[in-house]
Participant: 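Okay, handing you the structure first.
All values below were derived from every heavy atom in this structure, side-chain atoms included, with hydrogens, water molecules and symmetry-related copies excluded. The sequence lines fix the lettering, A, B, ..., with proteins before strands; numbering per chain opens at 1. Everything numeric here is computed off the predicted structure, so don't read it as measured data.
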Amino acid sequence: MPELPEVETMCRGIACFRGEIIETALFPRHTRRASPIQPRPKILSSKLQGARITGITRLGKRAILSVTPANENNELFLIFEPRMTGLLLRVPPPTEKHVRLIARIKKYKHPLIFWDRRGLGTITMVDKSTFMSRFGNNALGPDALTASGPELYDKIHHSKRHIKVALLDQKILAGIGNIYASEILYAANIDPRTRCYRLSKDACARIASASSKILHHAIKHEGSSIGDETYRTADNRLGRYQRFHKVYGRDKNKCRRCKNDIQRIIQTQRSTFFCPSCQTRY
DNA sequence: CGTTCAACCTGGGCGC
DNA sequence: TGCGCCCAGGTTGAAC
């Protein structure tokens, strides 16, 4: 679910907790352990108890809380990876059933909650050096909100992959997922099946600029909420950017620009939406 | 080497 | 109604 705009909105929604102290951290049910570096709930609880939240930032599609444990000076990083259905909430969750973390915050009536229906999301904690090696510039491309055309061109001009598939690769640009990849390519007038090496510097500049524009616009409208058990803001409201989608989920509808049919195709097992007449293939 | 694919999960929607 | 199947915003590591 959450891509860059949704995770950015979550981070802004819980920004009030910056500087505050975590009283207790409970893990009421299993949270998937996707990596051996992921500390067990017991360890997480003890590190978080009494810790101060010193920063709340987004890195690609992850939300990062910088925390300083009660009896330590070193800063640790608590990393939330929502994947498909994870939410960070500061109000009561949609159901109690899928609550994965309850962090009581001093001075606040409601705790910080990580809620995840499908349970594919992860919560991990690392020190600074592990953070840099796992999530630094080698592991992640430049942020899709601010990346430039030349940066994108450098990353992809040698590649045979379809541009849509490359945009989903977090090492190329960080933050783009399946919804915004389709929307960005529509805005840049580029067919998602175009091979990367065929894209000119100018075309890469159009993609970078469309990426920045669309993601900023989506943040302004607090992300995209589609379907029922869907993305919510930290105070449990729906996002509104789905109203602005030009192609995603609009197959069998008409292109708003040219009135031809929007098409849905499958690329590496995932849906891509585009307008064959507005988006040119190079 | 670059690229693709199955697996990780739950639950809603659909056809029979 | 109910069952089985398909599908969904992401990431990873194994397989090709």
Side-chain angles (χ1 to χ4, degrees), chain A residues 1-10 29-38 58-63 79-88 93-100 114-124 133-135 138-141 144 155-185 192-193 195-197 214-215 218-219 221-233 238-245 247-252 264-273:
Chain A
M1 176 210 288
E3 307 180 30
L4 185 153
E6 291 77 26
V7 178
E8 178 67 26
T9 305
M10 283 179 199
R29 63 180 51 68
H30 178 72
T31 301
R32 201 165 80 86
R33 200 147 172 277
S35 149
I37 67 162
Q38 203 174 323
R58 177 187 59 77
L59 188 62
K61 299 176 194 170
R62 296 177 175 93
I79 303 166
F80 292 94
E81 205 174 301
R83 302 235 180 154
M84 302 288 253
T85 50
L87 300 177
L88 284 168
T95 65
E96 290 301 322
K97 190 175 174 190
H98 299 110
V99 173
R100 314 279 164 169
F114 185 63
W115 183 91
D116 185 4
R117 179 169 65 86
R118 278 172 73 177
L120 295 175
T122 63
I123 305 171
T124 192
S133 61
R134 299 264 306 190
F135 306 107
N138 294 336
L140 232 43
K155 294 256 183 198
I156 64 171
H157 75 94
H158 60 84
S159 169
K160 284 159 56 179
R161 277 195 290 188
H162 292 165
I163 179 60
K164 154 64 160 48
V165 176
L167 287 182
L168 292 180
D169 181 345
Q170 302 300 295
K171 291 200 232 10
I172 306 296
L173 298 181
I176 296 173
N178 210 39
I179 294 176
Y180 296 102
S182 285
E183 294 298 323
I184 288 165
L185 289 174
R193 300 163 295 184
R195 304 267 173 196
C196 289
Y197 67 84
I214 286 193
L215 296 174
I219 290 168
H221 293 279
E222 302 188 291
S224 302
S225 294
I226 296 168
D228 279 348
E229 300 271 346
T230 183
Y231 162 74
R232 308 296 186 100
T233 62
L238 297 174
R240 302 175 305 279
Y241 190 70
Q242 64 279 7
R243 301 173 195 169
F244 298 88
H245 290 177
V247 286
Y248 185 85
R250 297 195 69 248
D251 53 321
K252 294 168 191 155
R264 173 180 180 262
I265 58 171
I266 301 295
Q267 293 179 289
T268 60
Q269 317 290 86
R270 311 194 68 191
S271 294
T272 299
F273 301 88

Participant: Does K97(A) put a side-chain nitrogen or oxygen below 4.0 Å from OP1 or OP2 of dG11(B)?
Facilitator: yes

Participant: Ignoring hydrogens, what is the shortest heavy-atom contact between R29(A) and E96(A)? Give both atom names and the distance.
Facilitator: NH1-O, 3.4 Å

Participant: What residues, two or more places apart in sequence or in another chain, satisfy salt bridge (charged side-chain N to carboxylate O under 4.0 Å, His left out) together with R100(A)?
Facilitator: none

Participant: Taking salt bridge (Lys or Arg N to Asp or Glu O under 4.0 Å) as the cut-off, I'd like each qualifying pair that reaches into residues 163-177 of chain A, sequence neighbours left out, listed once.
Facilitator: R161(A)-D169(A)

Participant: Specify the separation, in whole Å, of atom CG of L173(A) and atom C1' of dG10(C).
Facilitator: 16 Å

Participant: OP1, OP2 of dG9(C) versus side-chain N and O of Y248(A): anything below 4.0 Å?
Facilitator: yes

Participant: What is the separation between atom CD on Q267(A) and atom P on dG9(C), rounded to the nearest whole Å?
Facilitator: 13 Å

Participant: Using OP1 and OP2 only, check whether a side-chain N or O of R117(A) sits under 4.0 Å from dT10(B).
Facilitator: no

Participant: Got a sec, which residues hit side-chain hydrogen bond (donor to acceptor under 3.5 Å, both in side chains) with H221(A), two or more places apart in sequence or on another chain?
Facilitator: H217(A)

Participant: Quote, to the nearest angstrom, the P distance that separates dC6(C) from dA6(B).
Facilitator: 13 Å

Participant: At less than 4.0 Å, is any side-chain N or O atom of H98(A) found next to OP1 or OP2 of dG11(B)? Yes or no.
Facilitator: yes

Participant: Does G119(A) reach a base, just sugar-phosphate, or nothing at all? Heavy atoms under 4.0 Å.
Facilitator: nothing

Participant: What is the distance, to the nearest angstrom, from the CD atom on E183(A) to the C1' atom on dG9(C)?
Facilitator: 13 Å

Participant: Please enumerate all residues that pass side-chain hydrogen bond (donor to acceptor under 3.5 Å, both in side chains) together with R240(A), with sequence neighbours excluded.
Facilitator: E222(A)

Participant: State the dot-bracket string of DNA chain B. Criteria: Watson-Crick or G-U wobble, both atom distances under 3.5 angstrom; notation: ( ) intrastrand, [ ] crossing earlier pairs, | interstrand, . unpaired.
Facilitator: .|||||||.|||||||

Participant: What distance, rounded to whole Å, do you find between the two P atoms, one in dT11(C) and one in dG11(B)?
Facilitator: 22 Å

Participant: For dA8(C) and S271(A) - does any side-chain N or O of the residue sit under 4.0 Å from the phosphate oxygens OP1/OP2?
Facilitator: yes

Participant: Under 4.0 Å, counting only non-hydrogen atoms across every strand here, what does T122(A) touch: a base, just sugar-phosphate, or nothing?
Facilitator: nothing

Participant: Is the backbone of A34(A) close enough, under 3.5 Å, to the side chain of Q38(A) for a donor and an acceptor to pair up by distance?
Facilitator: yes

Participant: Select from R161(A) and L120(A) the residue whose nearest nucleotide in DNA chain B is closer to the 5' end of that strand.
Facilitator: R161(A)

Participant: Please check the phosphate of dA7(B) (OP1 and OP2 only) for any side-chain N or O of R32(A) closer than 4.0 Å.
Facilitator: no

Participant: Using salt bridge (charged side-chain N to carboxylate O under 4.0 Å, His left out) as the criterion, list what pairs up with R58(A), not counting sequence neighbours.
Facilitator: E8(A), D143(A)

Participant: What's R29(A) touching, base or sugar-phosphate or nothing? Going by heavy atoms closer than 4.0 Å.
Facilitator: nothing

Participant: Taking atom P of dT3(B) as reference, at what distance in whole Å does atom NZ of K160(A) sit?
Facilitator: 7 Å

Participant: So what does K171(A) hit on the nucleic acid, given a heavy-atom distance under 4.0 Å: a base, only sugar-phosphate, or nothing?
Facilitator: nothing

Participant: Check L140(A), T122(A), V7(A) against R62(A) for a side-chain contact (heavy atoms from CB on, under 4.5 Å) and give me the one that passes.
Facilitator: L140(A)

Participant: What's S224(A) touching, base or sugar-phosphate or nothing? Going by heavy atoms closer than 4.0 Å.
Facilitator: base

Participant: May I ask you to evaluate whether Q170(A) reaches the phosphate of dG10(C), defined as a side-chain N or O under 4.0 Å from OP1 or OP2?
Facilitator: no

Participant: How many whole angstroms separate atom NE2 of H162(A) from atom P of dG2(B)?
Facilitator: 18 Å

Participant: Restricting to side-chain hydrogen bond (donor to acceptor under 3.5 Å, both in side chains), what partner residues turn up for S224(A), sequence neighbours left out?
Facilitator: Y180(A), H245(A)

Participant: For Y197(A), what residues pass the ring-ring contact (aromatic ring centres under 6.0 Å, His included) criterion, not counting sequence neighbours?
Facilitator: none

Participant: Detail all sub-3.5 Å separations between protein N/O atoms and N/O atoms belonging to nucleotides 12-16 of chain C.
Facilitator:
residue : atom : partner : partner atom : Å
dT12(C) : OP1  : R62(A)  : NH2          : 3.4

